[in-house]
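Single-structure report; data block below.
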Amino acid sequence: MKIKEVVCALEQFAPLPLQDGFDNAGLQIGLTDAEITGALLCLDVTEAVIDEAIALGCNLIISHHPLLFKGYKSITGKDYIERCIIKAIKNEIAIYASHTNLDNASGGVNFKIAEKIGLKNVQILAPKEDHLLKLVTYVPLTHADNVRNALFIAGCGHIGNYDSCSYNSEGKGTFRAKEGATPFCGTVGELHQEAEVRIETILPSYKKAEVVKVLISVHPYEEPVYDLYPVVNLWMQAGAGVTGYLEKPEAELDFLKRIKRIFNVGCLKHNEPSGRLIQKVALCGGAGAFLLPQAIRSKADVFIIGEMKYHDYFCHEADILIAEIGHYESEQYTNEIIHFVIRDLLANSKIHISKTNTNPIKYL
Ligand SMILES: [Zn+2]
C-alpha cells in the first residue's frame with residue numbers, strides 16, 4: 001500500500017475542493033509514492049507528534065489542522081513549523097492535512113461531534129451554494145442506458161440519500177455530417193434524424209472535468225452534444241456546521257454538564273440560561289462562531305462551538321444558549337473519522353492515534 005492510495009481514500013471521503021478559500025488542506029510535505037509503514041493520526045502537527053511518528057515507525061502523519069498555511073522564503077528552523085518541516089523531511093515522513101474539506105464533508109467533523117452528543121436527524125447547518133452543475137446530454141436511444149450509468153459512476157445524480165437521479169425524455173435529434181466527418185449514424189451530406197434521449201442529471205462543480213471526459217468517452221457520437229448549467233440550489237450534502245435533535249429534551253444545565261463530560265472540557269463558557277429545554281442543537285467544531293446567525297435562524301435551542309469572541313456573546317440570551325467548549329476539545333474526535341476512512345487500507349497495527357495532547361490552552 002502506497003501513501004498515495006491512502007491519500008486518495010481520504011480525498012474520496014473529503015474532496016479538497018470542499019475546503020474553504022483561506023485553507024491549505026491536502027499534502028503538506030513528502031512524496032506519496034513510498035510504501036506506507038504506518039499512519040499517525042492527530043489534530044495538530046508539532047515536533048512531539050513527529051517524534052511520536054518516528055518512534056512508532058510511521059512515515060505518514062494525517063492531521064486535521066494544516067502545518068503550513070503560508071509561503072516560506074527560507075526554512076531555517078526559527079519556529080516550530082520550520083523545525084517540523086525539517087524534521088519530517090529528514091525522517092522521510094509525509095504530512096497530510098484534512099481540514100475544512102473534512103469540516104464541510106457529509107459525515108465529517110461536525111457529524112462526529114453530533115454523534116458523540118447523540119443527535120438524530122443530523123443535517124448541514126449552512127449548506128454550500130454555487131457548487132452544483134446540471135448536465136444535459138442527448139444520446140441515441142440505443143446507448144442511453146450505457147451513457148447514463150457511466151455518468152452515475154463518474155459522480156452524477158447524487159441527491160441526499162439517493163443516487164442514480166436523472167430525468168429522461170425522448171425526442172428527435174437532427175444533424176448533417178459534412179465532408180471529413182465519420183458519423184455514428186446517418187450518411188455524410190444527408191440530413192439525418194435520430195431518436196434520442198435527453199438525459200438531465202446533477203453533479204458537484206468540482207467533478208466537471210472528470211464527468212465531461214467520461215461523457216465524451218462513452219457517448220457514441222463523434223461530436224457529443226452536452227450543456228452544463230450552473231445551479232443555484234443549496235448543496236445539502238456539503239457545508240459548515242450541523243443541526244440535530246436530542247431524543248429527549250434536556251434542561252439547559254443538565255445538557256451543558258453532559259457536554260462538558262463528553263468533551264472533557266476544562267472550562268465550558270456559556271451565556272445566561274433562559275430556562276428553555278434543549279431539543280434542537282446547532283454546532284460547529286473549532287472556530288465556528290461565524291455561524292451564530294444561521295444557528296439562531298435554524299431555531300436551535302443551543303449553539304455549540306469551539307471558540308467565540310467576548311462581544312459575540314452579547315444580547316443573545318433570548319435567541320439561543322451559546323456553549324463554547326474549546327477548539328481542541330470540540331475537534332478531538334476527528335481522528336476517529338480518519339481511522340474509519342483508512343481502516344480497510346491498512347492493518348490495524350499500522351494505524352496509530354497520537355497520544356500527544358497538542359492543545360496549547362491549559363486551564364487552572
Ligand atoms: Zn480546528
Side-chain angles (χ1 to χ4, degrees), residues 10-11 13-29 40-50 61-70 80-81 84 95-117 122 124-126 128 238-243 259-260 262-269 281-292 294-295 303-309 312 322-341 353-363:
L10 293 168
E11 292 181 1
F13 186 82
L16 289 178
L18 292 190
Q19 69 182 303
D20 294 334
F22 66 86
D23 202 5
N24 186 38
L27 186 66
Q28 308 278 292
I29 290 174
L40 180 63
L41 319 186
C42 59
L43 199 59
D44 307 284
V45 179
T46 62
E47 289 166 275
V49 169
I50 298 179
I61 294 174
I62 306 169
S63 67
H64 180 46
H65 295 135
L67 176 68
L68 308 177
F69 263 110
K70 57 166 191 173
Y80 89 92
I81 295 174
C84 283
I95 300 180
Y96 183 90
S98 194
H99 191 213
T100 52
N101 52 320
L102 188 57
D103 290 333
N104 290 327
S106 186
V109 176
N110 297 309
F111 285 80
K112 177 55 75 177
I113 299 171
E115 178 193 314
K116 293 288 171 188
I117 300 171
V122 178
I124 303 256
L125 172 61
K128 279 192 173 286
V242 297
T243 59
I259 294 300
K260 186 171 157 68
I262 295 170
F263 295 92
N264 196 21
V265 181
C267 169
L268 189 152
K269 298 181 199 167
V281 178
L283 64 87
C284 184
F290 69 99
L291 290 171
L292 179 61
Q294 285 96 324
F303 182 41
I304 302 171
I305 63 276
E307 53 182 296
M308 183 175 261
K309 288 188 195 138
D312 291 342
I322 295 170
E324 183 183 343
I325 66 172
H327 194 127
Y328 178 91
E329 289 81 351
S330 67
E331 296 181 331
Q332 64 187 301
Y333 299 116
T334 302
N335 289 329
E336 292 182 13
I337 309 170
I338 304 291
H339 191 281
F340 172 81
V341 173
I353 291 193
S354 173
K355 293 189 170 64
T356 309
N357 184 333
T358 55
N359 190 357
I361 297 173
K362 308 292 173 197
Y363 303 98

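When a residue number appears, it is its place in the shown sequence, counting from 1. Note that the structure is predicted; figures quoted are calculated from it, not measured. Atoms within a ligand are numbered from 1 in the order they appear, just like the ligands themselves.
- Taking the six-membered ring where the residue is Trp, F22 and H99 present perpendicular rings, their angle passing 60° and hence far from 30°.
- In this view, Y333 and F263 satisfy the ring-ring contact (aromatic ring centres under 6.0 Å, His included) rule, not counting sequence neighbours.
- The Zn ion (ligand 1) does not have H64 among its coordinating residues (no N/O/S atom, backbone or side chain, under 2.8 Å).
- Backbone or side-chain N, O or S atoms of D103 do not reach the Zn ion (ligand 1) at under 2.8 Å.
- Using modelled atom types, one finds a donor on one side chain and an acceptor on the other under 3.5 Å when comparing E329 with N359.
- Every residue meeting the salt bridge (charged side-chain N to carboxylate O under 4.0 Å, His left out) condition with D20, not counting sequence neighbours, appears here in chain and number order: K128.
- For E331, the N/O/S atom at the shortest distance from the Zn ion (ligand 1) is named OE1.
- When distances to the Zn ion (ligand 1) are checked against a cut-off of 2.8 Å, H65 contributes an N, O or S atom below that limit.
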